[in-house]
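Below is one structure, written out as structure tokens, with a few remarks after it.
Just so you know, residue 1 is the first one in the sequence shown, and it goes up from there.
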Amino acid sequence: MSDSDDDVPQLSSETLAALQEFYTEQREREDTKTTERFNNNFLGLIEENWQLSQFWYDKETAVCLANEAVRGGGRIACVSAPSIYQQLKVQNSKDFSACILEYDQRFSVYGPEYIFYDYNSPLNLPANLVANSFDIVLADPPYLSEECLRKTAETIKYLTKGKILLCTGAIMEEQAAKYLGVKMCKFIPRHTRNLANEFRCYVNYDSGLDGSAS
């Protein structure tokens with residue numbers, strides 16, 4: 001060892017551990033800032049498009065449905081339910097992950113979590129969407145028609161491990177039971193705009209949506 005090597009300060013193991021912890025915390029802070037910038041840039045800026053039969057839920061409903069979806073953690077698929085997906089992004093928890101299957105390509109700003117989806121081709125899905133790989137599927141078919149529900153149901157049954165949370169019109173109760181085996185909940189979802197059709201939620205498991213009718 002040369003004399004110059006003797007002059008180089010040597011850090012103790014405790015100091016090295018503290019330094020490593022400092023750098024880890026710094027990276028986590030930067031990750032948090034990046035997430036916050038992402039949320040501020042995109043969340044809430046995508047407005048509903050009536051031509052695509054998009055009608056956003058009000059804040060209370062969006063929070064309630066998002067909370068219901070994350071009760072068990074795990075993977076969540078939002079099928080034609082962009083306002084619920086955006087609320088899940090606001091919550092930004094490490095206890096769950098979410099993706100959105102949506103026709104509206106404006107949602108591609110969410111990167112790999114966005115999957116283009118057309119209910120007319122219910123099983124035309126990327127290869128990485130493995131069958132029965134989502135802990136819960138939350139779906140809100142864009143049209144109140146039996147054809148739309150039947151085709152969307154194909155997607156739902158392909159994706160879910162078992163749990164289904166469906167939001168659609170009260171007039172679709174019989175068809176929802178027929179194609180998905182779901183039952184109507186007491187909770188009544190509400191939209192930011194008053195719609196002529198009454199909407200309801202349907203599930204095939206013991207949910208937290210039966211505690212209140214509003």
Side-chain angles (χ1 to χ4, degrees), residues 46 48-49 52-57 61-91 96-169 172-173 175-185 187 189 191 197 199-205 207 209:
I46 300 179
E48 59 191 7
N49 184 338
L52 295 178
S53 191
Q54 289 178 345
F55 303 97
W56 282 185
Y57 290 110
T61 296
V63 169
C64 181
L65 294 180
N67 287 342
E68 175 62 29
V70 304
R71 282 204 311 159
R75 299 185 72 205
I76 303 168
C78 296
V79 179
S80 304
S83 60
I84 308 304
Y85 171 77
Q86 290 191 98
Q87 181 59 41
L88 289 170
K89 294 300 293 180
V90 170
Q91 297 185 198
F96 67 87
S97 62
C99 71
I100 177 171
L101 287 77
E102 170 60 42
Y103 186 83
D104 186 351
Q105 297 188 49
R106 292 180 300 167
F107 287 87
S108 64
V109 296
Y110 290 104
E113 292 184 1
Y114 168 77
I115 298 153
F116 176 77
Y117 174 70
D118 183 348
Y119 78 86
N120 288 300
S121 302
L123 297 181
N124 184 17
L125 303 170
N128 64 327
L129 282 190
V130 181
N132 310 126
S133 59
F134 287 89
D135 295 281
I136 185 170
V137 175
L138 193 158
D140 187 355
Y143 301 105
L144 300 181
S145 71
E146 183 168 359
E147 178 191 17
C148 181
L149 179 56
R150 174 175 54 81
K151 290 181 177 180
T152 303
E154 290 185 50
T155 308
I156 295 170
K157 289 186 286 188
Y158 175 82
L159 294 174
T160 187
K161 292 179 180 179
K163 287 185 178 181
I164 298 169
L165 172 49
L166 174 72
C167 300
T168 188
M172 303 302 294
E173 181 179 11
Q175 291 87 346
K178 175 182 177 181
Y179 293 113
L180 291 169
V182 292
K183 295 182 178 180
M184 184 183 290
C185 302
F187 176 76
H191 295 80
N197 297 296
F199 269 67
R200 299 302 292 263
C201 297
Y202 305 82
V203 297
N204 66 342
Y205 64 95
S207 75
L209 297 177

For [Y], does its backbone N or O pair with a side-chain atom of [X] as donor and acceptor, under 3.5 Å?
X	Y	value
Tyr179	Glu146	no
Asn204	Ile164	yes
Ser121	Asp118	no

Verify side chain to side chain contact (heavy atoms under 4.5 Å, CB included) between Asp140 and Cys78, making sure each step is shown before the conclusion.
CA-CA 8 Å; Asp140 187 355; Cys78 296; over 6 Å; no

Partner set under side chain to side chain contact (heavy atoms under 4.5 Å, CB included) for Arg75, not counting sequence neighbours
Ser97, Ser133, Phe134, Asp135

Going by side chain to side chain contact (heavy atoms under 4.5 Å, CB included), name the residues that satisfy it together with Thr61, two or more places apart in sequence or in a different chain.
Tyr57, Asp58, Leu65, Phe187, Pro189, Arg190

Within this structure, what is the [atom1]-[atom2] distance for the pair [X] and [Y], rounded to the nearest 0.5 Å?
X	Y	atom1	atom2	value
Phe199	Met172	CZ	CE	10.0 Å
Leu149	Lys178	CG	NZ	10.0 Å
Thr160	Asn132	OG1	CG	7.5 Å
Leu180	Leu165	CG	CG	11.0 Å

Under the rule for side-chain hydrogen bond (donor to acceptor under 3.5 Å, both in side chains), what residues qualify as partners of Asn128, not counting sequence neighbours?
none

Quick one: closest heavy-atom pair of [X] and [Y], and the distance?
X	Y	value
Ala81	Glu102	N-OE1, 4.3 Å
Val182	Ala176	CG2-O, 3.4 Å
Ser207	Glu68	CB-OE2, 3.3 Å
Cys185	Val203	SG-CG2, 3.6 Å
Leu101	Ala77	CD1-CB, 4.4 Å
Val130	Tyr158	C-OH, 4.0 Å

Under the side chain to side chain contact (heavy atoms under 4.5 Å, CB included) criterion, do Leu138 and Leu88 qualify, and how do the steps go?
CA-CA 12 Å; Leu138 193 158; Leu88 289 170; over 6 Å; no

Go through it in stages, so that I can follow the logic: the residues are Lys151 and Glu154, the test is salt bridge (Lys or Arg N to Asp or Glu O under 4.0 Å), and I'd like the CA-CA distance, side-chain angles, deciding distance and then a yes or no.
CA-CA 5 Å; Lys151 290 181 177 180; Glu154 290 185 50; over 6 Å; no

Ring centre gap for Phe107 and Tyr85 strictly below 6.0 Å:
no

Could you check whether any side-chain heavy atom of [X] comes within less than 4.5 Å of a side-chain heavy atom of [Y], counting everything from C-beta outward?
X	Y	result
Cys64	Leu209	yes
Ile76	Val70	yes
Pro141	Tyr119	no
Ile115	Pro126	yes

Donor + acceptor pair across side chains of Tyr110, Gln86 (<3.5 Å)
yes

Paired with Glu173, the side-chain contact (heavy atoms from CB on, under 4.5 Å) test is passed by just one of Arg200, Lys183, Met184, namely Met184

Should Thr168 and Thr152 be marked as a side chain to side chain contact (heavy atoms under 4.5 Å, CB included) after you check the CA-CA gap, both sets of side-chain angles, and the distance that decides it?
CA-CA 12 Å; Thr168 188; Thr152 303; over 6 Å; no

Residue of the set Tyr143, Tyr114, Tyr117, Phe116 for which ring pair (Phe, Tyr, Trp, His ring centres under 6.0 Å) holds with Tyr103:
Phe116

